[in-house]
Each structure stands twice: as C-alpha cells, then as structure tokens.
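Notes to accompany the following structure.
All ligand and atom numbering here is 1-based and tracks the order in the structure.
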Amino acid sequence: MRRKIVAGNWKMNNNQSESNILINSIIEKNSENSSCNIYVSPSFPFLKDAVLTCSKSNIKVLSQNVSHLTNGALTGDVSCTMLKSIGINSVIIGHSERRTIFGESNDVLLKKIKICLENNLEVFFCIGEEIEARNNNKHFSVIENQLNETVFILEKIDPKNLVIAYEPVWAIGTGLTASPEQAQEMHKFIRQKFTEKFSESISSNLSIIYGGSVKPSSAKNIFNQSDVDGGLIGGASLNANDFSDIINSI
Ligand code: PEP
C-alpha cells in the first residue's frame, strides 16, 4: 500500500526561534495523527535542531536541497553525507524554484537523485509544467519529458525511497490551485508512465503528491482523488493551524 504524505516546504523562511516554535506547534497539534507521514523542512542551519526536536515525534525532517556531488570545491553546497550525519533521511529535489532561479537542469537533477538514492536518502522529486505548456495542451508531454530525462534513466526504483511531487509551476505561490480533476488526470498519467517504464507493482506503491497553493479549504477535494497521495505544501505550511488542517484533510 502506498504512503499518504503531507510535507511542508518552508523555502527560505523562519529564523532559528521561529523555526523551533513552528515545529513544536506542529508536533503538539499532530502528535495523535497516524493517517499520514508528516514532514517539515527548515533551512539548512536549523535542520539539526529540527531532527532533535522531532526525534521523539511522528514528524520527519526534509532537506530542501542537496549537492549533486560528494565533496570538494563546491562553495556553499551541502552533501548527502553531511545531511545523513545529522540524521536527515529525506530531500526535495527539482523544485521549480531550483530549476528556474538556480538553473538546475534535468541532467543535474538526475545526478542529485542518483547520489541521494546511493546514500539511502528518500527523494521527493518535483515535476511540473509552466502555464504556457498547459495553455497549449503540452502539459502531458512536458511531464513525460521531465521523467524521461531523470528518474526513467534509472534502471530500477524503490517506491519506499522515491516520492513524486506534481507541482504545476503556475500554481506554486500564486493562489491558483489545480482543480481536483486536473490533479487527478495528471497523477493518473504519471502513475501510468511508471507502470510502462517499471511495473504495475512499483507504480501502485509509488506515492504521488500534489503541490501548488494547497490551502485548508482546497486540500480535502484534492486529497480525495484516487491517484493523489497527499501534498507538498508551501505557504500554508508556515502556519501551524493551516498546516494541521491540511494534514487532517487526508
Ligand atoms: C511549493 O513551493 O512547493 C508550493 C507548493 O508552494 P505553495 O503551496 O505556496 O504554492
């Protein structure tokens, strides 16, 4: 059976004390929750604190990024082994902000995916189309291409270590959520592509989560779709009440 997941993508928000307060509040409000896997993702300097704070809770800690190489002359980068050494087991790769603002290509993203999987880090891999592609009915081919140039190059995958986050770029931070039907249609398409590339048993166990302006008011209808296994939540994950309402919608 595939996992239900609600993960917060905090982006570059929250200083040390804000980060601590938010995590403690999320733990307090969700300590009884057993219906899904919950993740928070503070910025690099606060990950170790977060791991310690969450260690006796049901909340997991997710890194927002990782280097594509093991070590060396890469000023400003953070490696898989560094993350592992402080107890991080999961990483977001390929967020549209990394692709567009930092120019991360599918080539680099594939290297990141490979190095994470080699180091036993669970990968949250983000894919999504821009608005022009959707308007021109090219959204399915964009998504297929993103998969063909990255995870579909891998010989095998393990759904225990990989989560796909479908995040239409036009919905991220814009307040424009994909409709439940649009999300379901794309998630079903993605799952079908995983069946064709790998197998039915892999695709049926793969969690595919939706991201893009999910709010407490829209979460339930999106999460109710049969191929939507949860959400990657940006803005609304910075508020413990909103994030908890979204968690409770699953
Ligand atoms: C995101 O950044 O992954 C995201 C989904 O953001 P938001 O929920 O703010 O659209």
Side-chain angles (χ1 to χ4, degrees), residues 4-14 18-19 22 26 30 36-44 46-47 50 59-66 90-104 109 112-113 116 122-131 133-134 139 142-143 146-147 150 162-180 182-184 186-187 190 207-223 225 227-250:
K4 297 279 184 196
I5 293 168
V6 177
N9 175 14
W10 290 11
K11 315 193 188 197
M12 198 171 72
N13 292 295
N14 292 330
E18 290 162 344
S19 175
L22 182 54
I26 290 169
N30 297 284
C36 70
N37 292 282
I38 304 167
Y39 294 77
V40 293
S41 64
S43 297
F44 282 138
F46 315 126
L47 285 175
I59 314 289
K60 299 177 208 271
V61 185
L62 181 60
S63 173
Q64 297 176 25
N65 191 22
V66 71
S90 311
V91 182
I92 300 174
I93 292 176
H95 191 278
S96 73
E97 288 148 21
R98 299 298 317 173
R99 291 175 189 262
T100 54
I101 304 170
F102 299 96
E104 293 187 3
L109 298 177
K112 291 188 178 202
I113 293 170
C116 280
E122 175 188 34
V123 170
F124 280 57
F125 183 54
C126 304
I127 52 178
E129 81 283 357
E130 310 256 352
I131 191 64
R134 182 154 284 263
H139 42 302
V142 166
I143 294 299
Q146 288 175 346
L147 291 171
T150 55
L162 179 68
V163 175
I164 299 296
Y166 169 57
E167 299 208 300
V169 180
W170 47 270
I172 296 179
T174 59
L176 294 174
T177 319
S179 68
Q182 285 173 322
Q184 167 56 23
M186 185 57 87
H187 284 224
I190 294 167
S207 296
I208 306 175
I209 62 176
Y210 169 82
S213 295
V214 175
K215 304 285 178 244
S217 55
S218 55
K220 202 172 189 66
N221 284 338
I222 294 177
F223 294 166
Q225 303 301 310
D227 285 290
V228 178
D229 304 307
L232 182 56
I233 317 298
S237 71
L238 298 173
N239 178 296
N241 287 331
D242 287 353
F243 190 53
S244 305
D245 284 349
I246 291 171
I247 291 166
N248 289 325
S249 304
I250 211 152

List ligand 1 atoms under 4.0 Å from H95, heavy atoms only on the residue side.
1 (C), 2 (O), 3 (O)
Shortest non-hydrogen contact from V91 to L62?
N-CD1, 3.6 Å
When you compare the side chain of D227 with that of I208, does any pair of heavy atoms fall below 4.5 Å?
no
For the 3.5 Å polar cut-off, considering only N or O atoms, please tell me whether G173 and ligand 1 meet it.
yes
With side-chain contact (heavy atoms from CB on, under 4.5 Å) as the test, pick out the partner of V40 among N14, N9, I26, L22.
I26
Counting both backbone and side chain atoms, is some N or O of G234 under 3.5 Å from an N or O of ligand 1?
yes
Does even one non-hydrogen atom of S213 get within less than 4.0 Å of ligand 1?
yes
G235 versus ligand 1: do any nitrogen or oxygen atoms come within less than 3.5 Å of each other?
yes
Hey, is N9 touching ligand 1 through its side chain, its backbone, both or neither, going by heavy atoms under 4.0 Å?
side chain
Could you walk me through whether Q64 and H95 satisfy the side chain to side chain contact (heavy atoms under 4.5 Å, CB included) test, starting with their C-alpha distance in whole Å, then the side-chain angles of each, then the deciding distance to 0.1 Å, before giving a yes or no?
CA-CA 9 Å; Q64 297 176 25; H95 191 278; over 6 Å; no
Using the six-membered ring wherever Trp is involved, compare the ring planes of F124 and Y39 and label them parallel, tilted or perpendicular (cut-offs 30° and 60°).
perpendicular
C36 SG to N248 CG distance, which is reported to the nearest 0.5 Å
8.0 Å
Can K60 and E122 be said to form a salt bridge (charged side-chain N to carboxylate O under 4.0 Å, His left out), step by step?
CA-CA 11 Å; K60 299 177 208 271; E122 175 188 34; over 6 Å; no
Checking the N or O distance criterion of under 3.5 Å, is ligand 1 in contact with E167?
yes
Within 4.0 Å of some non-hydrogen atom of G212, the atoms of ligand 1 are 5 (C), 10 (O)
Looking at ligand 1, does any of its N/O atoms fall within less than 3.5 Å of an N/O of K11?
yes
For ligand 1, indicate whether the residue A171 contacts it via side chain, backbone, both or neither (heavy-atom separation under 4.0 Å).
backbone
